[in-house]
Amino acid sequence: MSWQDKPTKAQINVLWRWFKWKMPTAEARDALTWLEENATKRQVFDEIGRVKKMYDTEKLTREDCFSGSIWQGYFNSKVGKE
């Protein structure tokens, strides 16, 4: 297994547990499905670390969930589809 592989289900589930409380379920599911299909294991590892810091200090918000650089690709994929 390599850092360049797709993220594991366990990694996605960690983020799911935090995201589902900060945004509508459908939005969290869509975002994490995109992440699962488009990110590497390393990128998701880094994202978990970033989000965990905010979660542990009870400062995690919906906006914070999407403030990492990894999410730029997610928002770019939505442009023109609405």
> Hey, are S2 and D5 close enough side-chain-wise for a donor-acceptor pair under 3.5 Å?
Replying inline: no
> Which value, rounded to the nearest 0.5 Å, describes the distance between R42 atom CZ and Q11 atom CD?
Replying inline: 10.5 Å
> Do you know the tightest heavy-atom contact between R29 and W16?
Replying inline: N-CZ3, 3.7 Å
> Hey, is OH on Y55 packed in by over 12 heavy atoms from elsewhere, all under 6.0 Å?
Replying inline: no
> Is atom NZ of K53 surrounded by more than 12 heavy atoms (other residues, nucleotides or ligands) closer than 6.0 Å?
Replying inline: no
> In a check of side-chain contact (heavy atoms from CB on, under 4.5 Å) between R50 and each of C65, S69, S67, which one passes?
Replying inline: S67
> Of the non-hydrogen atoms in A39 and P7, which two are nearest, and what is the gap between them?
Replying inline: O-CD, 3.1 Å
>> Between E36 and K9 (salt bridge meaning N to carboxylate O under 4.0 Å), is one present in this structure?
In response: yes
> Does E47 reach the main-chain N or O of G68 with its side chain, forming a donor-acceptor pair under 3.5 Å?
Replying inline: no
>> Do the side chains of E37 and K6 get close enough for a salt bridge, i.e. N-O under 4.0 angstrom?
In response: no
>> For a quick test of reading the model, state the closest non-hydrogen atom pair linking V44 to I70 and the distance between them.
In response: N-CD1, 4.5 Å
>> A side-chain contact here means heavy atoms from C-beta on lying under 4.5 Å apart; do W21 and L60 qualify?
In response: no
> Going from CH2 on W18 to CG on N13, what distance comes out if it is rounded to the nearest 0.5 angstrom?
Replying inline: 11.5 Å
> Once you round to the nearest 0.5 Å, how far does OG1 of T40 lie from CD of Q4?
Replying inline: 5.0 Å
> So F66 and F19, would you call those rings parallel, tilted or perpendicular, with 30° and 60° as cut-offs?
Replying inline: perpendicular
>> Starting from L35, can I reach F75 by hopping between I/L/V/M/F/W/Y residues whose side chains sit under 4.5 Å apart?
In response: yes
>> If you compare all heavy atoms of K22 against all heavy atoms of R62, which two are closest, and at what distance to 0.1 Å?
In response: O-CB, 3.2 Å
> Which pair of non-hydrogen atoms, one from A31 and one from W71, has the smallest distance, and what is that distance?
Replying inline: O-CZ3, 3.6 Å
>> Show, in sequence, the C-alpha distance, side-chain angles and deciding distance for T33 and D30, and conclude whether the side chain to side chain donor-acceptor pair (under 3.5 Å) test is met.
In response: CA-CA 5 Å; T33 297; D30 183 60; over 6 Å; no
>> Taking W34's backbone N and O only, do any of them form a donor-acceptor pair with N38's side chain (distance below 3.5 Å, no angle check)?
In response: yes
> Would you say M23 and V14 are hydrophobically clustered, going by side-chain heavy atoms of ILVMFWY under 4.5 Å?
Replying inline: yes
> Atom NZ of K20 and atom CG of L15: how far apart are they, to the nearest 0.5 Å?
Replying inline: 12.5 Å
